[in-house]
Trainee: 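Can you read through this structure? Questions will come right after.
From a predicted model like this one, the values you see are computed outputs, not experimental measurements. For the single chain, residues carry numbers from 1 onward in sequence order.
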Amino acid sequence: QLVESGGGLVQPGGSLTLSCVTSGFSWDWYAIAWFRQAPGKEREGVSCVDNRNSDTYYADSVKGRFTISRDNAKNTVYLQMNDLKLEDTAVYYCAAERMGPGTTWGPRWAGQYEYDEWGQGTQVNVSS
């Protein structure tokens with residue numbers, strides 16, 4: 001189970017931190033990702049952390065502004081979002097996929113169909 005929180009309304013240039021609390025699976029073997037979907041647009045990958053090796057991945061549109069992190073003790077992944085822009089407005093979803101011992105993630109991290117587990121989403125609105 002994945003439960004997101006932390007969305008809200010923020011002005012351009014502002015910051016938000018999203019949380020994804022996970023339960024019911026083997027944390028160490030999972031990749032946890034953030035996706036977002038704006039009205040009329042396809043769901044896109046924002047960031048991902050591979051819990052096997054701590055590798056992180058980011059979409060070009062958020063590099064330098066967003067940071068993904070995790071708290072192993074709380075089985076929680078965070079997305080710190082700074083310098084938010086109007087185009088960051090979307091519903092943000094947390095997703096999880098169990099990784100095999102020899103699986104290479106790489107560019108696959110951004111593919112929504114790679115993930116089997118999804119949260120319900122949290123709305124982020126960036127508006128002046």
Side-chain angles (χ1 to χ4, degrees):
Q1 184 180 11
L2 308 172
V3 179
E4 305 98 329
S5 63
L9 175 64
V10 63
Q11 292 185 339
S15 299
L16 279 176
T17 300
L18 305 183
S19 300
C20 173
V21 179
T22 74
S23 61
F25 53 80
S26 302
W27 171 260
D28 291 343
W29 285 99
Y30 272 75
I32 312 294
W34 287 98
F35 283 77
R36 66 185 180 186
Q37 188 165 21
K41 294 189 176 182
E42 290 196 1
R43 192 170 295 189
E44 64 171 348
V46 175
S47 185
C48 176
V49 57
D50 186 338
N51 284 345
R52 298 174 302 166
N53 51 27
S54 301
D55 285 352
T56 57
Y57 306 88
Y58 294 94
D60 288 343
S61 58
V62 306
K63 279 181 182 176
R65 300 189 298 124
F66 290 10
T67 302
I68 193 168
S69 63
R70 61 183 183 169
D71 185 331
N72 292 337
K74 296 181 179 179
N75 283 11
T76 300
V77 172
Y78 304 96
L79 186 68
Q80 173 69 43
M81 305 186 294
N82 297 327
D83 189 23
L84 283 160
K85 305 177 184 301
L86 295 176
E87 53 265 37
D88 293 319
T89 294
V91 178
Y92 283 70
Y93 297 91
C94 184
E97 177 65 13
R98 193 183 192 285
M99 310 299 291
T103 302
T104 300
W105 209 210
R108 292 169 55 193
W109 76 267
Q112 60 172 313
Y113 299 110
E114 298 283 353
Y115 297 84
D116 289 334
E117 305 286 340
W118 289 86
Q120 82 289 350
T122 185
Q123 178 72 49
V124 172
N125 287 316
V126 184
S127 174
S128 55

Trainee: Ignoring hydrogens and geometry, is there a side-chain-to-backbone donor-acceptor pair from Thr122 to Gly7 under 3.5 Å?
Mentor: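 Yes; judged by distance alone, with no hydrogens or angles, the pair exists.
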Trainee: Just by modelled atom types, is the Gln120 backbone N or O under 3.5 Å from a matching donor or acceptor in the Glu4 side chain?
Mentor: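 Yes; judged by distance alone, with no hydrogens or angles, the pair exists.
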Trainee: Side chains of Phe35 and Cys48: closer than 4.5 Å at any heavy-atom pair?
Mentor: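 Phe35 does not reach Cys48 side chain to side chain.
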Trainee: Is it the case that Thr76 and Asp71 place a side-chain donor and acceptor less than 3.5 Å from each other?
Mentor: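 No, no side-chain donor-acceptor contact under 3.5 Å.
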Trainee: What is the distance from atom CD of Gln80 to atom CG of Asn82, rounded to the nearest 0.5 Å?
Mentor: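 Separation between the atoms: 4.5 Å.
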Trainee: Judged by atom type as modelled, is there a donor-acceptor pair below 3.5 Å linking the side chain of Trp27 to the main-chain atoms of Gly24?
Mentor: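 Flag not set: sc Trp27 to bb Gly24 has no pair under 3.5 Å.
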Trainee: Taking only residues two or more places apart in sequence or in another chain, which ones pass side-chain contact (heavy atoms from CB on, under 4.5 Å) with Arg98?
Mentor: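 Applying side-chain contact (heavy atoms from CB on, under 4.5 Å) to Arg98 gives Trp29, Tyr30.
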Trainee: Can you tell me if Tyr58 uses its side chain to pair, donor with acceptor, with the backbone of Gly64 under 3.5 Å?
Mentor: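 Checking the backbone N and O of Gly64 against the side chain of Tyr58, no donor-acceptor pair under 3.5 Å is found.
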Trainee: Using modelled atom types only, decide if a donor and an acceptor are shared between the side chain of Tyr92 and the backbone of Gly6 within a distance under 3.5 Å.
Mentor: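 Looks like no, no N/O pair under 3.5 Å.
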Trainee: With sequence neighbours left out, what residues match Thr103 under side-chain contact (heavy atoms from CB on, under 4.5 Å)?
Mentor: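 Residues passing side-chain contact (heavy atoms from CB on, under 4.5 Å) with Thr103: Arg52, Met99, Arg108.
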Trainee: Are the side chain of Glu44 and the backbone of Arg36 linked by a donor-acceptor contact shorter than 3.5 Å?
Mentor: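 Judged by distance alone, no pair lies under 3.5 Å.
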Trainee: Under the criterion side-chain contact (heavy atoms from CB on, under 4.5 Å), which of Leu79, Val91, Leu18 is the partner of Val124?
Mentor: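 That would be Leu18.
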Trainee: According to a hydrophobic-cluster definition based on side-chain heavy atoms being under 4.5 Å apart (Ile, Leu, Val, Met, Phe, Trp, Tyr only), do Leu16 and Phe66 belong together?
Mentor: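 Linked, Leu16 and Phe66 end up in one cluster.
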Trainee: Determine, for Tyr78 and Arg70, whether the Lys NZ or Arg CZ falls below 6.0 Å from the six-membered ring centre while staying within 45 degrees of the axis.
Mentor: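 Arg70 over Tyr78 ring: no.
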Trainee: Compute whether any side-chain donor of one residue and acceptor of the other, for Ser128 and Gln11, lie under 3.5 angstrom apart.
Mentor: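 Judged by distance alone, the side chains do not pair up.
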Trainee: Which residues satisfy the side-chain hydrogen bond (donor to acceptor under 3.5 Å, both in side chains) test with Asn53, sequence neighbours excluded?
Mentor: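 So Asn53 forms a side-chain hydrogen bond (donor to acceptor under 3.5 Å, both in side chains) with Asp55.
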Trainee: Looking at Arg65 and Asp83, would you say the former's side chain and the latter's main chain have a donor-acceptor pair under 3.5 Å?
Mentor: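 It does hold such a pair.
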Trainee: Are Trp109 and Val77 connected in a single hydrophobic cluster, I mean Ile/Leu/Val/Met/Phe/Trp/Tyr linked by side-chain heavy atoms less than 4.5 Å apart?
Mentor: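 Unlinked, Val77 and Trp109 end up in two clusters.
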